[in-house]
Amino acid sequence: MTSILTLERPERQESSRARVEIRGVRKEFRQRDQVVTALDGVDLDVAPGEFVTVVGASGCGKSTLLQLIAGLDEPTSGTVRAVERPALMFQESALFPWLTARGNIELALKLGRTPAAERADRCQELLDLVRLGSAGERRVHELSGGQRQRIALARSLAQGSRLLLMDEPFAALDAITRDVLHEELMQLWQDTDLSVVFVTHNVREAVRLGQRVVLLSSRPGRVLRTWNVDLPSSRSLEDVSVMELAADITSSLRTEISRHAGA
Amino acid sequence: MPVREDDRAKEDFARISDGLDALEDNRPPRRRIDPVAIVAPLVVVAAFIGIWQAVWALAIKPEYVIPSPSTVWHQLWQMVTDGTAWDATWTSLRRGVVGFLLALVIGTALGLLVSQIAFLRKGFRPILSALQSMPSVAWVPFAVLLVGLSPSAMYFVILLGAVPSIANGLIGGLDQTPPILRRAGTVLGARGLSLVRHVLVPAALPTYLTGLKQGWAFSWRSLMAAELIVNSPELGVGLGQVMQNGRNLSDMPTVIAVMVLILLVGVVVELGVFAPIERKILRDRGLAPTGV
Ligand SMILES: Nc1ncnc2c1ncn2[C@@H]1O[C@H](COP(=O)(O)OP(=O)(O)OP(=O)(O)O)[C@@H](O)[C@H]1O
Ligand SMILES: [Mg+2]
């Protein structure tokens with residue numbers, strides 16, 4: 001099942017060099033006459049095969065950070081280095097509505113220079129992987145929200161990148177669908193050598209998924225604190241250990257947010 | 001680690017997600033054809049002919065000004081049987097289609113260039129909009145003086161009518177492409193031309209098609225206007241010329257019969273060519289088809 005990803009577990013001797021290196025990144029946006037500093041002094045490394053979750057208040061610069069890693073935007077100062085072109089799953093659905101589910105995945109394969117002869121098979125494998133093997137001919141508007149995000153995940157994986165960036169991909173889903181997708185994502189990540197940077201404003205989700213949880217401050221965004229999550233990968237959102245760590249992180253987040261009240 | 005419990009949890013997940021899949025099946029049903037949409041226009045046309053008949057029967061105006069529907073019908077039938085109608089329609093339609101296809105190529109190329117190159121965009125956009133609002137009949141005298149009484153004059157007028165609409169439709173569609181789709185394309189590795197081809201043009205298609213429809217309407221209108229104004233053996237006999245002859249002979253039934261033919265061509269092209277394409281494009285995207 002992992003063959004489709006060309007991402008088999010790494011040889012032990014493969015360099016442990018970071019997949020992403022962010023050094024002293026500052027990002028400003030100019031809006032007419034005023035300047036918004038979205039990020040300032042952000043340092044972050046993501047190791048091969050690591051699952052990092054990033055949490056922070058709304059508007060703290062999480063999406064901006066992913067855009068910088070994906071190379072969609074340039075930092076104002078500092079450096080962002082990624083080993084290869086990352087795959088990015090967007091906050092809102094970004095599937096192409098004029099294509100079928102299969103068409104979306106095949107386009108990704110094509111743009112990723114997968115030989116034409118292999119595309120159909122790989123596409124079917126990816127559809128099966130997200131358990132939508134028989135929904136390939138559907139148009140985007142014929143898929144439910146959860147199915148759309150699964151196709152978006154399959155399309156991201158079709159890029160064959162070893163670095164997957166996810167921007168609140170499950171925020172709009174109901175609790176049960178989200179649980180199922182968490183489980184699927186964990187399975188996928190365990191079976192492969194994928195490094196994941198997963199952004200969310202849901203602290204429990206961050207603890208459920210991440211090996212490391214990074215808390216960003218707001219205005220400007222910088223790394224406030226990092227938690228290592230030493231819990232079994234089959235943990236669930238309701239586990240006491242998950243809730244306890246989440247409560248700890250949430251209280252830090254509260255403190256950070258109320259800091260802005262006086263200003 | 002209690003392995004068994006782990007397995008059970010996995011089984012549970014599989015069941016839950018199968019259940020969700022079953023519930024998530026929300027394919028919209030195929031749209032049925034609405035019989036009212038077909039009958040209603042026919043009723044309106046019938047009512048119109050009824051009123052026409054009544055006005056004729058009241059004899060408010062002399063017979064040669066308002067002929068009866070049946071007189072016009074006979075005239076039309078005669079034109080069909082003696083071949084005039086076919087020849088004239090064919091002459092005009094061929095001209096219109098060739099001119100439109102030419103406009104399609106030029107307008108599309110122009111639209112792509114103008115939308116992608118900043119300098120051209122600043123230079124051409126206002127001019128294209130201005131041209132679009134200029135009635136293309138106004139170009140007829142200019143075209144005739146420029147290239148003489150030849151078919152080229154006709155094509156010239158058609159192009160000036162259709163190219164701005166087509167180019168503007170494409171530019172508008174490209175401009176309205178949601179930025180997220182553009183970024184999604186970039187993330188997937190589409191650059192330059194491949195971004196245009198795989199993302200920007202498909203995203204622009206609905207608006208582009210509106211431009212094409214408008215372009216065709218303008219082609220057809222300007223062609224009819226040109227044919228009415230310009231009369232020369234070199235140009236052959238199109239619908240416009242037949243109508244102009246009818247006018248010269250004060251032959252109202254011929255004039256109305258040709259009007260019916262012109263209208264029919266418009267309806268056939270709209271319903272036979274553009275409507276199915278539009279329906280497909282909109283339905284694929286989950287957008288509601290508008291109009292017929
Ligand atoms: N293109 C832009 N132009 C101007 N300001 C921007 C732009 N993009 C983001 N910003 C600003 O930068 C800040 C960070 O935005 P960003 O979208 O990264 O936040 P976020 O953490 O992803 O928020 P959310 O959780 O709501 O998605 C915000 O204050 C936003 O207003
Ligand atoms: Mg965001």
Side-chain angles (χ1 to χ4, degrees), chain A residues 66-67 70-73 85-100 103-105 107-113 130-132 134-135 138-148 150 152 155-156 158-159 161 165 173-174 176-177 179-184 187 232 234 236, chain B residues 1-3 5-30 173 177-195 197-206 208-209 280-288:
Chain A
L66 291 191
Q67 306 257 347
L72 288 173
D73 208 345
R85 187 159 50 75
L88 170 58
M89 229 180 119
F90 291 88
Q91 193 163 357
E92 58 265 62
S93 173
L95 293 174
F96 300 129
W98 54 89
L99 296 173
T100 57
N104 268 281
I105 297 171
L107 180 58
L109 291 169
K110 183 172 179 185
L111 291 170
R113 305 203 186 291
V130 294
R131 293 182 314 94
L132 285 173
S134 56
R138 293 205 194 166
R139 298 278 163 185
V140 172
H141 68 97
E142 293 173 334
L143 299 167
S144 73
Q147 290 171 330
R148 267 178 226 177
R150 270 142 76 188
R155 186 177 76 173
S156 296
Q159 281 183 247
S161 176
L165 312 174
L173 303 180
D174 68 272
I176 306 244
T177 306
D179 279 351
V180 169
L181 289 174
H182 282 166
E183 181 66 21
E184 286 175 9
Q187 273 300 328
S234 60
S236 102
Chain B
M1 260 277 113
V3 175
E5 213 166 88
D6 222 39
D7 280 354
R8 183 159 331 130
K10 241 174 225 158
E11 231 165 73
D12 279 354
F13 261 116
R15 286 183 59 79
I16 291 172
S17 75
D18 284 351
L20 283 173
D21 280 352
L23 291 172
E24 275 174 354
D25 254 332
N26 65 340
R27 302 193 78 167
R30 287 260 145 210
T177 304
I180 180 111
L181 296 183
R182 192 188 289 257
R183 272 183 277 143
T186 311
V187 164
L188 294 178
R191 293 281 179 298
L193 265 187
S194 80
L195 189 67
R197 176 163 155 243
H198 292 298
V199 179
L200 300 185
V201 168
L205 220 48
Y208 177 49
L209 188 76
K280 165 131 183 55
I281 287 179
L282 293 182
R283 189 180 283 158
D284 282 356
R285 282 149 226 255
L287 303 167

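Heavy-atom basis, side chains included; hydrogens, waters and symmetry copies ignored. Letters A, B, ... are given to chains in the order of the sequence lines, protein chains preceding strands, and every chain is numbered from 1.
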Heavy-atom proximity to chain B below 4.5 Å, by part of [X]:
| X | value |
| --- | --- |
| A/L88 | both |
| A/Q91 | neither |
| A/L95 | backbone |

Work out which heavy atom in B/L181 is nearest to a heavy atom in A/A94; give both atom names and the distance.
->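 For B/L181 and A/A94, the tightest heavy-atom pair comes out as CD2-O, 3.8 Å.
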
Closest heavy-atom pair and its distance - A/H141, B/R285 | CD2-C, 3.7 Å

Output all residues satisfying ring pair (Phe, Tyr, Trp, His ring centres under 6.0 Å) with A/H182, sequence neighbours left out; order by chain, then residue number.
-> A/F170

Choice from A/R85, A/M89, A/K110 maximising heavy atom contacts with chain B below 4.5 Å |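 Option with the top pair count is A/R85.
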
Quiz: residues 182-193 of chain B side-chain donor-acceptor pairs under 3.5 angstrom, not counting sequence neighbours:
residue : atom : partner : partner atom : Å
B/T186  : OG1  : B/R182  : O            : 2.9
B/R191  : NH1  : B/T186  : O            : 3.2

Which of the residues B/L205, B/V199, B/I281, B/D284 is involved in the greatest number of heavy-atom pairs with chain A at under 4.5 angstrom?
->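 The answer is B/D284.
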
Beyond-backbone contact of A/F90 with B/I180, side-chain heavy atoms, under 4.5 angstrom |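 With C-beta onward as the side chain, the pair touches.
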
